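For the numbers below, each heavy atom of this structure counts, side chains included, while hydrogens, waters and symmetry mates do not. Since we're looking at a predicted model, the values are computed, not measured.
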Amino acid sequence: MSNEDITLTAGDATLRLQPGNGGRIAGLRVGSLELLRQGDRFGCFPMVPWCGRIRDGRFLDGATTVQMPLNSPPHAIHGTARDGAWRTARVSADQAVITYELVAPWPHPARVTHDVRLTADSLTLTMGVETYDDSFPAQIGWHPWFNRNLGGQDARIAFDPAWQEERGDDHLPTGNRVDPKPGPWDDCFGMPDGVDVTLTWPGQLELKVASREQWVVVYDEQEAAVCVEPQTGPPNGLNTLPRLVTPLEPLEATTTWTWTRL
């Protein structure tokens, strides 16, 4: 099937998916409220086959050092799939499945599948990476840009992480875990019982971002948006905490956003 834009609806929720623009969710509207920041770079994009920054764009693949393009010098950031065109596998009124073939500069052929399911009060995103041949390290994550303001008061962020990854001057974790610090943040947090972050726009909407994964990056240093990014490991995780994709065991992750009108 083609990579034309897709619209899903359920109740008063409408989602716009752009397979041709990196598999990006371009918009999520609940009634009259657009939850995601608009623009070609924003919305919510899948981070795969890695999340956040890789130090100097290099990671160890077995005994081989692999160099990725430095798309955020001096580092490589957010994977390659957000820059490619995805293909539509199937679509219904409230569900779409899109796929992406990992190609150069990523050194291993593999397929990414993203299942997008909308209900009247939730969105469930499930992503998987399966390899045809070699085993390799990888990560999965999501990078939503939630509008800080929906026309009322600014969003409030509530979560209770077990630790914060100490951030070095290069914006990458040092390897030390510290007590969570007050924001603003561009930081990775550990939530061993699963990601659980609530955004509240007072008097308008409450939205919970949940995942069985144990890592979340929170970025709220921009005036227009707040990012809550569930992922399978910390930034630079291909080097420090790799998850292996093998022919027998794909890497899969899910996040669910649930909302309530206030």
Should [X] and [Y] be regarded as members of a common hydrophobic cluster, given that ILVMFWY residues are connected when their side-chain heavy atoms come within less than 4.5 Å of each other, either directly or indirectly?
{"X": "V103", "Y": "I54", "answer": "yes"}
{"X": "F42", "Y": "V116", "answer": "no"}
{"X": "V97", "Y": "L125", "answer": "no"}
{"X": "L36", "Y": "F45", "answer": "no"}
{"X": "L123", "Y": "V48", "answer": "yes"}

Donor-acceptor under 3.5 Å ([X] side chain, [Y] main chain):
{"X": "Q67", "Y": "D56", "value": "yes"}
{"X": "E34", "Y": "L28", "value": "yes"}
{"X": "N239", "Y": "R58", "value": "yes"}
{"X": "S72", "Y": "H75", "value": "no"}
{"X": "R167", "Y": "D186", "value": "yes"}
{"X": "Q38", "Y": "A26", "value": "yes"}
{"X": "N149", "Y": "G151", "value": "yes"}

Within the structure provided, determine whether [X] and [Y] are in side-chain contact (heavy-atom separation under 4.5 Å).
{"X": "S92", "Y": "D94", "value": "yes"}
{"X": "R111", "Y": "E101", "value": "yes"}
{"X": "V217", "Y": "C227", "value": "no"}
{"X": "P49", "Y": "L102", "value": "yes"}
{"X": "P247", "Y": "D133", "value": "no"}
{"X": "V195", "Y": "T255", "value": "no"}
{"X": "P173", "Y": "R53", "value": "no"}
{"X": "P19", "Y": "I6", "value": "yes"}

Over all atoms of both residues, closest heavy-atom pair of [X] and [Y]:
{"X": "W86", "Y": "A81", "value": "NE1-O, 3.0 Å"}
{"X": "A13", "Y": "A120", "value": "CB-O, 4.2 Å"}
{"X": "V245", "Y": "A138", "value": "CG2-CB, 3.8 Å"}
{"X": "P137", "Y": "P242", "value": "CB-CB, 3.7 Å"}
{"X": "L205", "Y": "W259", "value": "CD2-CB, 4.0 Å"}
{"X": "Q204", "Y": "L33", "value": "NE2-CD2, 3.9 Å"}

Atom [atom1] in [X], atom [atom2] in [Y]: separation rounded to 0.5 Å?
{"X": "H114", "Y": "M127", "atom1": "NE2", "atom2": "CE", "value": "5.0 Å"}
{"X": "T232", "Y": "M47", "atom1": "OG1", "atom2": "CE", "value": "9.0 Å"}
{"X": "R82", "Y": "N71", "atom1": "CZ", "atom2": "CG", "value": "5.5 Å"}
{"X": "C51", "Y": "N236", "atom1": "SG", "atom2": "CG", "value": "12.0 Å"}
{"X": "D220", "Y": "R148", "atom1": "CG", "atom2": "CZ", "value": "5.5 Å"}
{"X": "E252", "Y": "I140", "atom1": "CD", "atom2": "CD1", "value": "7.5 Å"}

Got a salt bridge between R55 and D170, using NZ or NE/NH1/NH2 to carboxylate O under 4.0 Å?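 Result for this pair is yes, salt bridge flagged.
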
Between the side chains of R177 and E165, is the shortest nitrogen-to-carboxylate-oxygen separation below 4.0 Å, so that they form an ion pair?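 Answer for the salt bridge query: yes.
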
Taking [X] as the fixed residue, which of [options] is the one that meets the side-chain contact (heavy atoms from CB on, under 4.5 Å) rule?
{"X": "W257", "options": "L118, V197, V209, D121", "value": "V209"}
{"X": "L35", "options": "L199, L207, I25", "value": "L207"}
{"X": "E166", "options": "V178, D187, L172", "value": "V178"}

Would you please test L17 and V91 for side-chain contact (heavy atoms from CB on, under 4.5 Å) and show each step? CA-CA 11 Å; L17 182 64; V91 178; over 6 Å; no

What about the rings of W215 and W142, do their centers lie closer together than 6.0 Å?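 No, the ring centres sit 6.0 Å or more apart.
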
For this output row, return yes or no: ring centroids of W106 and F59 closer than 6.0 angstrom. yes

Full working for side-chain contact (heavy atoms from CB on, under 4.5 Å) between R261 and D12: CA-CA 11 Å; R261 302 294 287 269; D12 69 348; 3.1 Å; yes

If you count heavy atoms of other groups shown closer than 6.0 angstrom to CZ of R212, is the number above 12?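 No, not enclosed.
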
With a sphere of 6.0 Å drawn around CD of E249, does it hold more than 12 non-hydrogen atoms of other residues, nucleotides or ligands? no

Where does the angle between the aromatic ring planes of W145 and Y219 fall among parallel (under 30°), tilted (30 to 60°) and perpendicular (over 60°)? perpendicular

If you apply the rule side-chain contact (heavy atoms from CB on, under 4.5 Å), what do you find for R16 with R29, and how did you get there? CA-CA 9 Å; R16 292 185 295 115; R29 185 173 287 273; over 6 Å; no

Test log, rule side-chain contact (heavy atoms from CB on, under 4.5 Å), inputs E4 and T88: CA-CA 8 Å; E4 294 178 355; T88 301; over 6 Å; no

With T126, the side chain to side chain donor-acceptor pair (under 3.5 Å) member among T254, T256, D115: T254

